[in-house]
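Numbered from 1 within each chain, the chains take letters A, B, ... in sequence-line order.
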Number of protein chains: 2
Amino acid sequence: MARAGTLYRGIADQVRNRITTGEIPPGTKLPTESQLIDQYGASRNTIRLALAELENEGLIATEQGRGSFVREWSSLTHHATRAERVDRPASSTDAFVAEAREAGFEPSTSFSMRIEPAVSEIADRLQVPVDTFVVLRRVVRYLDGQVNSRQDSWYPMDLAEQAGLNVPHDIKEGTIRAMAAKGFKEVGNIDEVTARMPSPDDQETLDVATGVPVIVQQRTAWTATRPTRVTRVTMPADRNRIIYELGNLDAYEATQQ
Amino acid sequence: MARAGTLYRGIADQVRNRITTGEIPPGTKLPTESQLIDQYGASRNTIRLALAELENEGLIATEQGRGSFVREWSSLTHHATRAERVDRPASSTDAFVAEAREAGFEPSTSFSMRIEPAVSEIADRLQVPVDTFVVLRRVVRYLDGQVNSRQDSWYPMDLAEQAGLNVPHDIKEGTIRAMAAKGFKEVGNIDEVTARMPSPDDQETLDVATGVPVIVQQRTAWTATRPTRVTRVTMPADRNRIIYELGNLDAYEATQQ
DNA sequence: GGTGATTTGTGCGTATGTATT
DNA sequence: TAATACATACGCACAAATCAC
């Protein structure tokens, strides 16, 4: 029996073992706090400390009035290198729709746009001075009615005006095509991938539970001469993952058929 | 003043604001629990609930006997698409060393190797049956003496034997070159990027604090006909990020000089 | 539809241990 | 050594959400 130095850690270790060994499978209800109090002879606070530890590890979710449950992690795959292919030149929104359908989900999106001063993280990448006004186009993506991720794209004002992106509605042919049609053809991009715990704001808009980090994929796209946009996708890690396919993968793709 | 429905959330909101606005900058000590008890007129348990929330968001770190401190997030950049270039064909370990030096750190590594039965996640990607024995080569990477990340690589047994990878020491020319020399030349790879909270095991080997997720980058490399390895890099998100450079980025690179 | 029981959430108090200053 | 500060552990009460009847 795993027993750490302190009572609540020892209890957490034992419950964690019962979960990781599969004795308590995903979706299953854990013993109630009262039952754990009896089982381990500890006070309620101590039991709750143990459960909080497991919750912060993303192993369980507790629901008021219902109990604690073993959490399931199953993810939608975002193919980061596929949207750019010539044979599938859809907008990134369409790429999301396609992948969601393939995975058996019913996707939907909601759109909003605003003009705001660029913070340094965006300004640096767009090569404009800080606080220059830029266009932010936001798409919140849903799967079967549940929030899946949030996509924020920032465009330099001049480019947005020329390509007609400074409008408060979605663009059917996709923003990338709209820009290309005006001569801003993207030829490369830099993806920065990080992870962090959700801010209270994320927790609301993305419906992220305690113990689940968010993955942040931030893409800076370039034409042959200048950056065109920064697109940041923020996605809860319990239901999303990113895939990059690099080089020659003919052999791999043959196995996927 | 941000005030949520409950006392401890309201306190957490106010302290969070003081941090995000820069009033309490990174590295600074927060007020002590006693001081917060006085300031907010709440019990110690309530104050600790508020601090625990901030700790789980990765905003602060508490140290017994010292106090709570605003956490800093500064990261080493892993260039995922650079190691594969012909002009820099170093091993992935060397890529780490190079990037660490560029960032002004003193890198070091420790190596271990073992032979173990493949779990399904590895077996599937190496296209061998589950529980087939495979070679695991582990490199723990340090920056200035502190753990930075852990790299685990699994190789099919036949390939490991031919390329001489089933030895308990590092390989100077790099495992990728050693395989290429025996005819297993990698031509492509699939990178799967996910994030999760560290397991107790991770917390020990990677020295990850509460509230900091780990980024997991898992690369399956292929020759023209078969997979050669699965390489999984597990890195704390507070000191690492990944960058993918895709397509033509001449214009971007010109700005980097 | 409603009522009581169950279960987790919030908040208070106290005491003692352990690490740092 | 003493004081300070966070960690662990106990107790209690009531609120809020859910569930079973």
*Give a yes/no answer on whether the side chain of T32(B) brings an N or O atom under 4.0 Å of OP1 or OP2 in dT4(D).*
no

*Q217(B) side chain to D191(B) side chain, donor-acceptor N/O pair below 3.5 angstrom*: yes

*asked:* Which nucleotide wins on minimum distance to the side chain of A42(A), given the candidates dT10(C), dC10(D), dG13(C)?
replied: dC10(D)

*Pick the nucleotide of DNA chain D nearest each of G41(A) and E63(A); which residue has the one closer to the 5' end?*
G41(A)

*asked:* By nearest atom, which of the nucleotides dG9(C), dC19(D), dG11(C) is closest to the Q64(A) side chain?
replied: dG9(C)

*Is the closest side-chain donor-acceptor distance between T77(A) and R241(A) under 3.5 Å?*
yes

*Taking OP1 and OP2 of dT10(C), is either one under 4.0 Å from a side-chain nitrogen or oxygen of R9(B)?*
yes

*To the nearest Å, give me how far apart OH (Y8(A)) and P (dG17(C)) are.*
18 Å

*Not counting sequence neighbours, which residues clear side-chain hydrogen bond (donor to acceptor under 3.5 Å, both in side chains) with R71(B)? List them please.*
none

*Among dA9(D), dT18(C), dC12(C), which is the nearest nucleotide to the side chain of N45(B)?*
dC12(C)

*dC10(D) C1' sits how many Å from L36(A) CG, rounded?*
17 Å

_Between R48(B) and dA7(D), is there a contact of a side-chain N or O with OP1 or OP2 at under 4.0 Å?_
yes

_Does dC6(D) have its OP1 or OP2 closer than 4.0 Å to a side-chain nitrogen or oxygen of R66(B)?_
no

*asked:* At less than 4.0 Å, is any side-chain N or O atom of T6(A) found next to OP1 or OP2 of dA7(D)? Yes or no.
replied: no

*If you check the E33(B) side chain, which of dT8(C), dG11(C), dA7(D) turns out closest?*
dA7(D)

*Has the side chain of R44(B) got a donor or acceptor that lies under 3.5 Å from a partner of the other kind on the base of dA5(D)?*
no

*asked:* What contact category does T62(B) fall into here, base, sugar-phosphate, or nothing, at under 4.0 angstrom with non-hydrogen atoms?
replied: sugar-phosphate

*Rounded to whole angstrom units, what separation is found between the CD1 atom of I47(B) and the C1' atom of dT14(C)?*
17 Å

_Distance, rounded to the nearest Å, where L7(A) contributes CG and dA7(D) contributes C1'_ = 13 Å

_T231(A)-S153(A) side chain donor-acceptor pair, cut-off 3.5 Å_ = yes

_Stepwise side-chain hydrogen bond (donor to acceptor under 3.5 Å, both in side chains) check, Y244(B) with T81(A)_ = CA-CA 10 Å; Y244(B) 288 87; T81(A) 39; over 6 Å; no

*Length of the CG-P vector between L51(A) and dT7(C), whole Å*: 14 Å

_Nearest-angstrom distance from the residue atom CD1 of I37(B) to P of dG11(C)_ = 14 Å

*Value in whole Å for how far the P atom of dA5(D) lies from CD1 of I60(B)*: 16 Å

